[in-house]
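Step one of this worksheet: look at the structure below.
Order of listing sets the numbers, starting from 1, for every ligand and every atom in it.
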Amino acid sequence: MELKRFIQELPKAELHLHIEGTFEPELMFKIANRNGIPLKYASVEELKKAYQFANLQEFLDIYYAGAGVLLYEQDFYDLAKAYFDRVHSQGVVHAEIFFDPQTHTDRGVRFETVVKGISRAMDAARNEYGFSSGLILSILRHLSEESALRTFEEAMAYKKYFIGLGLDSSELGHPPVKFRRVFERARQEGLKTMAHAGEEGPPAYVWEALTELGVDRIDHGNRSMEDDALVDELVRRRIALTVCPLSNLKLQVVKDLRNHPLKRMMERGLLVTVNSDDPAYFGGYMNENYEAIAEALDLSADELKKLALNAFTASFLPEDEKEYWKQKVHTVFQ
Ligand code: HPA
Ligand code: ZN
């Protein structure tokens with residue numbers, strides 16, 4: 001109980017969150033009905049029963065199917081606003097949010113529809129709660145480089161809405177280097193960059209994200225721990241890893257949270273953060289992730305504090321805002 005209250009009161013930043021992964025079954029059915037799109041499942045309960053994943057791909061198949069009911073600006077607004085309402089009540093104060101434009105534009109939904117719906121919800125969260133957020137365009141790595149480049153150039157008409165470029169979807173067989181030119185374009189445009197790497201893929205993919213894409217952060221990065229020289233490099237360059245405990249458990253990246261590398265990562269001096277990834281599918285938002293990993297690894301109050309501070313350090317907030325929130329974290333400890 002004490003632990004729960006403490007986690008609740010910590011001001012938190014979320015740096016690894018896919019907005020399509022916040023699609024709760026109830027809202028999915030509501031939007032599917034209003035858009036006249038049939039779902040493969042008869043009820044919310046039946047859909048939830050399908051949330052058993054042996055690996056990343058099994059999850060992605062269901063996640064893309066769910067996103068297929070989103071058609072209108074209001075749908076994207078409702079999706080994102082529900083996320084902000086939920087995590088505001090958990091003490092999250094800042095979020096850097098991925099969206100997958102190709103998942104929508106490949107179905108004929110206009111880029112503008114997606115961006116306007118999400119950004120209107122971001123504005124509402126700022127106005128209602130003082131919640132700050134940034135949007136990250138994420139490229140689907142199972143699609144071609146050509147599709148990625150086309151998507152990126154289309155996105156540049158809406159550049160003011162974005163803080164960065166990311167890379168997600170099926171990792172194995174799709175090494176970061178495939179997207180070297182897109183990341184080069186993003187850096188030319190002054191965007192921050194990050195890539196999912198080392199979730200299922202080998203340490204070599206994390207190296208590639210660093211050396212070929214020049215990323216500012218690594219999403220997941222679990223398998224970096226298999227390569228000492230890589231860990232040294234990540235520590236030396238203060239590259240943050242956005243770790244997602246419940247996601248790792250649900251996608252069987254770890255078989256048991258008690259074997260999760262998070263604590264060892266911290267002991268090696270890595271800039272580690274805790275995040276929820278796709279909370280509607282993995283059984284928990286930010287606080288549930290903090291609680292689960294704190295219990296499994298018996299984290300101390302100091303370690304939890306460090307994790308909360310790391311998230312602001314690793315965020316793309318302006319320095320003064322980082323400092324403001326870090327002070328607030330220190331205050332919770334007094
Ligand atoms: N990994 C890769 N792609 C994704 C994920 C993830 O954890 N979540 C949503 N798309
Ligand atoms: Zn992710």
Side-chain angles (χ1 to χ4, degrees), residues 13-24 28 51-68 70 79-80 83 87 95-104 106 114 118 134-143 147-148 151 164-176 178-179 192-202 205-206 208-209 213 215-224 240-254 260-262 272-286 289 293 311 314:
E14 171 138 74
L15 307 180
H16 184 160
L17 182 278
H18 303 263
I19 202 65
E20 295 89 350
T22 68
F23 208 177
E24 288 290 339
M28 192 184 292
Y51 291 0
Q52 312 272 353
F53 314 112
N55 52 45
L56 173 60
Q57 192 59 50
E58 287 190 13
F59 155 69
L60 290 171
D61 293 342
I62 286 195
Y63 159 89
Y64 293 131
L70 298 162
L79 174 68
Y83 165 72
V87 296
E96 297 175 4
I97 299 171
F98 293 115
F99 78 114
D100 296 335
Q102 291 150 299
T103 298
H104 312 298
D106 283 4
V114 183
I118 300 172
L135 195 54
I136 304 164
L137 172 85
S138 198
I139 291 297
L140 298 182
R141 71 202 306 157
H142 67 275
L143 300 179
S147 169
T151 301
L165 178 73
L167 183 66
D168 65 1
S169 193
S170 323
E171 188 180 6
L172 290 169
H174 302 285
K178 179 175 166 189
F179 299 99
K192 300 290 187 184
T193 59
M194 66 223 77
H196 284 54
E199 180 184 18
E200 288 187 341
Y205 284 18
V206 181
E208 253 184 37
L213 305 187
V215 296
D216 299 294
R217 289 199 302 238
I218 295 286
D219 295 307
H220 295 295
N222 298 46
R223 292 192 59 194
S224 307
L241 305 185
T242 62
V243 171
C244 307
L246 290 175
S247 166
N248 292 160
L249 184 64
K250 276 292 207 177
L251 300 186
Q252 310 209 30
V253 168
V254 296
H260 195 283
L262 177 129
V272 189
T273 66
V274 169
N275 310 272
S276 73
D277 206 5
D278 301 282
Y281 293 91
F282 300 151
Y285 286 75
M286 278 291 268
N289 270 276
I293 199 68

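Ranking protein heavy atoms by distance to atom 7 (O) of ligand 1, first place goes to Asp277 OD2, 2.7 Å. Closest to atom 8 (N) of ligand 1 among all protein heavy atoms lies Asp278 OD2, 2.7 Å.
Remark: distances from the non-hydrogen atoms of Gly21 to ligand 1 are all 4.0 Å or more. Heavy atoms of Leu60 approach ligand 1 to within less than 4.0 angstrom. A heavy-atom separation below 4.0 Å is found between His220 and ligand 1.
Residue Asp100 places no N or O, backbone or side chain, under 3.5 Å from any N or O of ligand 1. Residue-to-ligand polar distances place His18 within reach of ligand 1: an N/O pair is separated by less than 3.5 Å. Residue contacts with ligand 1: Ser247 is placed with no nitrogen or oxygen under 3.5 Å of a nitrogen or oxygen of the ligand (distance criterion only). Considering both main-chain and side-chain atoms, Tyr64 never comes within under 3.5 Å of ligand 1 through any nitrogen or oxygen pair.
When Arg141, Glu200, Gln57, His196 are each tested for a side chain to side chain donor-acceptor pair (under 3.5 Å) with Ser170, only one passes: Gln57.
Near-neighbour remark for the Zn ion (ligand 2): protein N, O or S atoms under 2.8 Å are His16 NE2, His18 NE2, His196 NE2, Asp277 OD1; waters not counted.
Using a 4.5 Å heavy-atom cutoff, the side chains of Ile97 and Glu14 are not in contact.
No side-chain donor from either of Thr103 and Glu20 sits under 3.5 Å from a side-chain acceptor of the other. For the residue pair Tyr64 / Asp106, no side-chain donor-acceptor distance below 3.5 Å is found, with atom types taken as modelled.
Between Glu96 and Arg217, at least one side-chain N (NZ, or NE/NH1/NH2) sits under 4.0 Å from a carboxylate O, which counts as a salt bridge.
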